[in-house]
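Let me begin by presenting the structure, written as structure tokens, before commenting on it.
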Protein chains: 2
Amino acid sequence: MKNPIADLNKIFDSRIRLGVMSMLIVNHEISFNDLKQMLELTDGNLASHLNTLEQAEFIEVHKGFIGRKTSTTYSITILGKQAFKAHLDALEKMINKL
Amino acid sequence: MKNPIADLNKIFDSRIRLGVMSMLIVNHEISFNDLKQMLELTDGNLASHLNTLEQAEFIEVHKGFIGRKTSTTYSITILGKQAFKAHLDALEKMINKL
DNA sequence: TGAAAGTGCTTTGTTTTTCAAAGTTAAGTA
DNA sequence: TACTTAACTTTGAAAAACAAAGCACTTTCA
């Protein structure tokens, strides 16, 4: 039998990063603030997880405005989509031995 | 909208513990050694994760023998089964907004 | 105009988690 | 008696998670 966890992506071990990715798969673009509120995180905590995802090139940042207020939004990259789907597939495989 | 990660169990953030649980859901009883080999872990690392799961009362230990050799085996508890299933449900819900 | 509040960070420092490696105990084997 | 295997525990180091505070900038409100 094969190691069942070998294909799970270490980056997605984190509930928070998993949450960010799942939100970004559903909504094309989400603001920092919305992520913060939905996931109930402090600024620093969220920022560091977003940073990890950005380093991995799984998400992209867009600096913009809403009216005249600054607004930073995030979206998933193609690479991120692939990695996330691969992770979900691996999870599914691991579990569907049930 | 509700916090999508609120129902994910922190204990299952770990790939390793996730792997242990998924193996124990499939196979009623597994030895330390088999887990070690399947998940490709060092003794200490596996032992500590098993310990975490045991503390949470998600798994049970059975000290026994194979022939005259000692053999420690592990099995999932009812609580563990519930917690794992709840976690998988939460994951599914989170993801099935796709 | 000036204080307060919001956005999106970075910095700081603590706590927690993760691991590998080495040591340990107890039993089995050559 | 030495060596091996099983299943740990201990140690220690590195990485990760996190809250809180600070910061730069802007807008809003009294």
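In what follows, every heavy atom counts, from backbone to side chain, and hydrogens, waters and symmetry copies are set aside. Within every chain, numbering begins at 1; the chains are lettered A, B, ... in the order of the sequence lines, protein sequences first and strands thereafter.
In this structure, A/Q55 places its CD atom 15 Å from P of D/dA15, rounding to the nearest Å. The CG atom of B/N9 sits 16 Å away from the C1' atom of C/dT17 (whole-angstrom rounding). Rounded to an integer number of Å, the gap from CG of A/N33 to C1' of C/dG8 is 8 Å. The distance between atom CD1 of B/I59 and atom P of D/dA7, rounded to the nearest whole Å, is 13 Å. When the P atom of C/dG8 is taken as reference, atom CD of A/E54 falls 14 Å away, rounded to whole Å. Between the CG atom of B/D13 and the P atom of C/dT16 there is a distance of 16 Å, rounded to whole Å. Separating the CG atom of B/L50 from the P atom of C/dT17 is a distance of 17 Å, rounded to the nearest angstrom. Atom CG in B/N51 sits about 14 Å away from atom C1' in C/dT18, given to the nearest Å.
In summary, the side chains of B/H62 and B/S75 do present a donor paired with an acceptor at a separation below 3.5 Å, with no hydrogens or angles considered. For the 3.5 Å distance criterion, the side chains of B/E29 and B/T73 qualify, holding a donor opposite an acceptor.
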Taking protein heavy atoms under 4.0 Å as touching, what does nucleotides 16-27 of chain D look like 5' to 3' if B marks base contact, S marks sugar-phosphate-only contact and - marks none? -SSBB-----SS

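Proximity note for A/Y74 (side chain, C-beta onward) versus C/dC9, C/dT7, D/dC8: the nearest is C/dC9. The listed nucleotides are D/dA7, C/dG8, D/dC8; the one nearest the side chain of A/K63 is C/dG8.
Checking the phosphate oxygens (OP1, OP2) of D/dA6, no side-chain nitrogen or oxygen of B/S31 falls inside 4.0 Å.
Within the 4.5 Å cutoff, the side chain of A/I11 has heavy atoms near those of the A/L53 side chain.
Partner of B/H49 under the side chain to side chain donor-acceptor pair (under 3.5 Å) criterion, out of B/R15, B/R17, B/E54: B/R17 alone.
A salt bridge links B/K36 with B/D43; the closest basic N to acidic carboxylate O contact falls under 4.0 Å.
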Mind running side-chain contact (heavy atoms from CB on, under 4.5 Å) on A/D34 and A/N27 for me, showing each step along the way? CA-CA 11 Å; A/D34 284 350; A/N27 307 280; over 6 Å; no

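The six-membered or imidazole ring of A/Y74 lies away from that of A/F58, with a centre-to-centre distance of 6.0 Å or more.
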